[in-house]
Amino acid sequence: MKVLVIGNGAREHALCRSLSLDPDVTALHCAPGNAGIAEVAQLHPVDALDGAAVSALATELGAELVVVGPEAPLVAGVADAVRAVGIPVFGPSGEAAQLEGSKAFAKDVMAAAGVPTARSYVCTEAAETATALDAFGAPYVVKDDGLAAGKGVVVTDDVEEAKAHAAGCDRVVIEEFLDGPEVSLFAITDGVTVVPLQPAQDFKRALDGDEGPNTGGMGAYSPLPWADPKLVEEVLQTVLQPTVDEMRRRGTPFSGLLYAGLAITGRGVRVIEFNARFGDPETQVVLARLRTPLAGVLLAAANGTLADLEPLRWHDDAAVTVVVASHNYPAAPRTGDPITGLDAVAERDAPHAYVLHAGTARKGDDVVSAGGRVLSVTATGKDLTAARERAYAALGRIDLDGSQHRTDIAAKAAAESATAH
Ligand code: AMP
Ligand code: GLY
């Protein structure tokens, strides 16, 4: 199978890595890709947001499957453009991607489908916003309605900060604060059948101890030893399947990857948000644990034949990923700094630990930083403690001036499961 992946993040590197290990994949292409993806796929300098250019490339390459990674091209209708030229595509239509593209739309779908989520108000005026903030009280949760690359949500005890964030957005969703650990659960769907993957946990705040600003995600791990073993089945029945059924009922079936961001509250599971694509960095750990070759799974979703797929198989190993971010991420990331030590990781830590590139580029013989989240170091091990040790050992070999990373990814879960054994 000839596969074309669209995107340039660590998520796309993780997808390409898994696809490159799949014996069914005979040719692997990526647009636009990054310096790391270039090692496993042939890169093409095509704008991911340009549906006509992506579908022309897919046709020219004779691609038999196109996988659209990030939300922006999905919301822009890139999957529709590829589908229109008759090539199977993994990723929802632009209309269905509104589940991520508009928080107000997602709330409406959840209400219709009876999916448990935070109570909320959609506001466009300062007076409405003030009333809604007052109704819920602190901590205040204010969400930009549209896509904001993980930076559209403010959670604060300071009502003035909440109002200031709302004032900078056209339309906001104000909602009740959900208290409890967060879980990311991904499901692959063809619009009818829903196949959940293994749950993961993401670390959204920039600094250790969940301090600092929200980011796109600073690390992740899977499995979640502390989670109820029935969680996945419960979320399938109460969240994922009803949402997919409601989208089909509306005439905008959702196929691709449905990502449920969940809070496990004292009153039960609640949806924090939906995304219409694989999460980053959770994908790095979920795919590290998936044994079933990936291409056939994605193709079955694209072709509407998921009901015929064998149950997914998983490694028993745990996986941990730690993101290395640029100096000054997320506020004003500095780019263009050389990254060293990548060869040392490849020589000493593979295959149990490896680097997945995000914001990297080649400059002569050097690999340099080219974005906020620069790379993520992913490792597997017999348990979270072993995977963590490998990830941080490999990360220690990498040098990037001024870079930052969290030192506590999966630390609490690893310590708790170590004492429980
Ligand atoms: P989102 O972009 O909707 O995933 O929000 C980013 C982060 O803000 C989430 O991962 C949570 O940590 C936090 N957050 C969002 N909504 C709520 C909520 N209703 N209650 C508590 N925290 C929230
Ligand atoms: N890890 C959060 C996201 O992908 O949105």
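Counting starts at 1 for both ligands and their atoms, in listed order. Computed from a prediction, not measured in an experiment: that's the story for all the values here.
- By the 4.0 Å heavy-atom criterion, F278 is excluded from the residues contacting ligand 2.
- With ligand atoms numbered from 1 in the order given, ligand 1 contributes 3 (O), 15 (C), 16 (N) to contacts under 4.0 Å with heavy atoms of I272.
- Ligand 1 does not have R205 within reach: every non-hydrogen atom of the residue lies 4.0 Å or more from it.
- Close approach of ligand 1 to E182 (heavy-atom distance below 4.0 Å) involves ligand atoms 9 (C), 10 (O), 11 (C), 12 (O).
- By the 4.0 Å heavy-atom criterion, R277 is counted among the residues contacting ligand 2.
- Residues passing the salt bridge (charged side-chain N to carboxylate O under 4.0 Å, His left out) test with D317: none are found, sequence neighbours excluded.
- With a heavy-atom cut-off of 4.0 Å, E282 touches ligand 2 through its side chain alone.
- Of all the atoms in ligand 1, the ones that sit under 4.0 Å from a non-hydrogen atom of K103 are 1 (P), 2 (O), 3 (O).
- Neither the backbone nor the side chain of M218 has any atom closer than 4.0 Å to an atom of ligand 2 (non-hydrogen atoms only).
- Close contacts of ligand 1 with E175, meaning ligand atoms under 4.0 Å from a residue heavy atom, involve 16 (N), 17 (C), 18 (C), 19 (N).
- Remark: R250 does not engage E95 in a salt bridge, criterion side-chain N to carboxylate O under 4.0 Å.
- For R270, the side chain to side chain contact (heavy atoms under 4.5 Å, CB included) criterion is met by P116, L178, T265, R267, not counting sequence neighbours.
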